[in-house]
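Residue numbers start from 1 in every chain, and the chains themselves are labelled A, B, ... in the order their sequence lines are given, proteins ahead of strands.
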Number of protein chains: 2
Amino acid sequence: MARVEGTRSLAGPGGSPTLDEVARLAGVSRATASRAINGGNRVSSQAQTAVDDAVRALGYTPNPAARSLVTRRTDSVGLVVPEPDERVFSDPFFARTLKGVTRVLAERDLQLVLLLTRPGEEEARMLRYLRNRHIDGALVVSHHRSDSLADHLAALDLPCAFVGRPWTSADKVAYVDTDNLAGGRQGASALIERGCRRIATIAGPDDMSAGVDRLEGWRSAMREAGLETDAVVHGDFTERGGEIAAATLLERHPDVDGIVAASDLMAAGALRVLLASGRSVPGDVALVGYDDLGVAERTLPQLTTIRNPISEMAEQATRLLLQQIDGDSSVRAMRVIYPPTLVHRDSA
Amino acid sequence: MARVEGTRSLAGPGGSPTLDEVARLAGVSRATASRAINGGNRVSSQAQTAVDDAVRALGYTPNPAARSLVTRRTDSVGLVVPEPDERVFSDPFFARTLKGVTRVLAERDLQLVLLLTRPGEEEARMLRYLRNRHIDGALVVSHHRSDSLADHLAALDLPCAFVGRPWTSADKVAYVDTDNLAGGRQGASALIERGCRRIATIAGPDDMSAGVDRLEGWRSAMREAGLETDAVVHGDFTERGGEIAAATLLERHPDVDGIVAASDLMAAGALRVLLASGRSVPGDVALVGYDDLGVAERTLPQLTTIRNPISEMAEQATRLLLQQIDGDSSVRAMRVIYPPTLVHRDSA
DNA sequence: CCCGCCCATGGAAGCGCTCCCACACCCGGC
DNA sequence: GCCGGGTGTGGGAGCGCTTCCATGGGCGGG
C-alpha cells in the first residue's frame, strides 16, 4: 500500500519477512524453523506450533530463489510447445491438454512455465533454458518430425514426458499416447461395415506421429477389406485444412462414399464442403472424425468419431514427469498407451 | 550426453559451470566476470573478450536462482487467467492474446508463467504467489466482476497490466482495452442504416466489462434511432451460448430482422440457429458479430463484424507491464484504448 | 612535474535458505 | 550407575551470484 522510503518497498522492517525473523519470533533457531516449515521432521510439537504461529503472524512465505539456490529445485515445470502458432492454442486438443496438466500440477503446488518456440534460433535458446535447470522438468506437446527436441532432452537427463509419441528417441523418453494405428483402423472399419466401398481419408500432417499412425491404420484396414487406398489427402488438423482437403478430394474422387478424417476439426471442415457440394451426410458420404473434444457434437449432423482421452493423457504424462522429478528412474522411458474408442453419432 | 558418475549429473568437475570457473578461466575476478556478462560496464575490452571466450568454452549460463536472490528479479512474468475453464483456452481471443504477449516477452528473454485459478481457495494461493515476488509482474486477462484481483494487485504494488478494463480499481492499474461502447454502437448502427427496425442483441456475460459496454453501446445507438431496446439476451461468449441465446430470442421476438452479437463465436452459433429456423441471413435477419478473429471468415455467409486488435492490445499491455518492471511509474495507471472498426462482409 | 580524477579491477559482504554436523538431553538396559 | 542410542536443537557453512568499496594505474591540466 504505502511505499516505504528506503531501499525496500514492502511493509515491515525491511521487505518481506525472512526465515530469520520467523525463527526469532518463534524463539527457535533458523534451522529449526526451516525444518518446521518443511514438513516438520525432528521438530517438537511445541517448536512446531511456535513456528506455525510466527509464520502466520508475519505472513511469511519462503523466498523461492533462496530455496531454489540450495535445493536445486525450482518447483516449476515447463510446457514446451514447439509450434507456437496461434492455431495450436485455439485447438481444443491443446485446451484439454492444458486442463489435464494444470490439474495435476495444482495438487503439488507446482507452477507451469510456457515455453513456446518457433523453429530455429529460438529452439537453441530454449535448450539453454532447459539445460540450465530453470525448471524441474519438461512436458512436450505437439512434437514434429523436425524437432530434435526429444534427442536433446534425452541427452540432457532432465525429467521430461511427451504427450504423443516423439519421432526420435521414443525408446529413451517417457510418453503417453493413444493407439493411433488402432484408431485409424476403427475409423475405416466403421465405414466399411456400414457398406461404404469408396473410402477416402483426410490424413494429418505427415510430420506428426498421430497423423502418420492414423493414416497407416486406415490403410491397413482398407487393405484387409480389399479396398483401394489411393484416396488420401493431407490436412493440417485445422478446420480450414479440412475444407481444402475435402475440396481436393471431391475433385479427384467424386465417387467417394465415405471419408475418415484424422481430426474432428478437419471433419467439420470437410462436412461443410460436402454439404455445400450438395451431398448428404451420411446419406451420400459417411464421415468419421477423430478426437471427440466437443467439436464433434457441435456439427450438424453430429460427428461419428474416435474418442481420444486427451485430458487423461495429459494428466498421466504429468504424473510420469512428477515421478521422474521425484527421482523414480523406472519411468524414465515408460510409455502409456490409451485405447481409442469409436463414438457413434450421426455422420456415419 | 555421457552420464557422469558421481553426485552431479552434468559434465565438468562438479555440475554446470559457475561464474567462478568462468572467472578463473578468463583470468579475471568473479566481479569482473559478472560485470562482463551483465552488459560489460566498466570492463576493458580485453577482459570482456576473455570472459566471453570463457563463457563460450564452458557453456556457462548464469544460475537464475542465485541471480534472482540478489537482484530480486525473476525475469518471468505471470499470465493470470481467473477462469481456467478450458473454454478460455479454445477461444481464439485467448490464443491471440497469448501470441501478442509471447512476442513481446521473447524480445526481452522473459518467461511466461501461467497462473490459472478457479475461484475460491486457489485465488488466495495465487495472491500469496504474487505477493512473494515469484514473478516480476502480472498480466491479467478475462477479468470478472467477482474477482477482487485488481484491488489486490493495486494494493500489492506489483507491476501489472490488464487486458480489458478491470471492474474495480480501474483508475489504479494499467490496462489496455478497446472502446467497447463505440463498438456496440457501430454494430447497432450498421443494422439501423441497413434498414433493420427490429434489432436484437446477444450480449456478453454481464460480469465482464466487454459484455456490459457493448450492450450499453447497442442500447444508446438504438435509443438515438428511436428503436426498442427490449430484445436482449445474454450469452457466455461461446458458440453454444450463442445458439441458446438465438433460440430464446427467436421464441420471444420472432419478428427480429437484425441481431448484434457480442462475439463472433456467439454470432456463429446464432447464425446456425437462424438458418435452421428457415430464415435467410442477411435476407430475413441481418447479423453482426464482434472480434473478427478468424471465426467470422469461416461462417457461411461470412460475418460482418467489429474488429478488435487483440494481438496488438496484448502486446501493448505487455509493454506497459515491462515499463513498470523497468521502474517507469508513469504508466502505473495508464490506459490505452484501441478503436474498434466495422468490417463489412456478408451477414449484414 | 605533480596532483587529482576517472576508470578498470578484485576483495568481500551479503541475498535467504537448507542441511550437515556437533551437541545436549533423556530414556532404557545391563 | 553407566553407557548406548535416539531425538530435538542450534551453529555454521555454503548454494552462485551481484555489488559496494577500496585500490591502483593511467591520464590530462595546472
Strictly under 3.5 Å: I want the nitrogen or oxygen pairs between protein and nucleotides 4-6 of chain D, one per line.
none

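- Along DNA chain C, the nucleotide nearest B:Val43 and the nucleotide nearest B:Val70 are compared for position; the residue whose nucleotide lies closer to the 5' end is B:Val43.
- With hydrogens and angles left out, the side chain of A:Arg72 and the base of D:dG16 share no donor-acceptor pair within 3.5 Å.
- When the P atom of C:dC17 is taken as reference, atom CG of A:Leu19 falls 5 Å away, rounded to whole Å.
- Between the CD1 atom of B:Ile37 and the P atom of D:dG16 there is a distance of 14 Å, rounded to whole Å.
- Taking atom CZ on A:Arg67 and atom C1' on C:dG16, their separation rounds to 11 Å, with Å as the unit.
- For A:Asn38 and C:dC20, the CG to P distance is 13 Å, given to the nearest whole Å.
- The list of ring-ring contact (aromatic ring centres under 6.0 Å, His included) pairs with a residue in residues 137-165 of chain A, not counting sequence neighbours, reads A:His143-A:Phe162.
- DNA chain C is contacted by B:Val28, B:Ser29, B:Arg30, B:Ala31, B:Thr32 of residues 25-34 of chain B, taking any non-hydrogen atom closer than 4.0 Å.
- For the residue pair A:Asp328 / A:Ser330, a side-chain donor-acceptor distance below 3.5 Å is found, with atom types taken as modelled.
- Nucleic acid contact class of B:Ala65 (heavy atoms, under 4.0 Å, all strands): none.
- Positionally, the nearest nucleotide of DNA chain C for B:Gln48 lies more toward the 5' end than for the other of B:Gln48 and B:Leu69.
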Would you list the atom pairs, donor with acceptor, under 3.5 Å between side chains in residues 34-41 of chain B and any protein atom, with sequence neighbours excluded?
residue, atom, partner, partner atom, Å
B:Ser34, OG, B:Asn38, ND2, 3.4
B:Asn38, OD1, B:Arg67, NH2, 2.9
B:Asn38, ND2, B:Ser34, O, 2.9

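- Over its length, the helix from C:dC1-D:dG30 to C:dC30-D:dG1 turns its helix axis by 50°, as judged from the five terminal pairs at each end, rounded to 10°.
- Residues satisfying the side chain to side chain donor-acceptor pair (under 3.5 Å) test with B:Thr61, not counting sequence neighbours, are A:Asn132.
- At whole-Å resolution of the value, CZ in A:Arg73 and P in C:dT18 are 12 Å apart.
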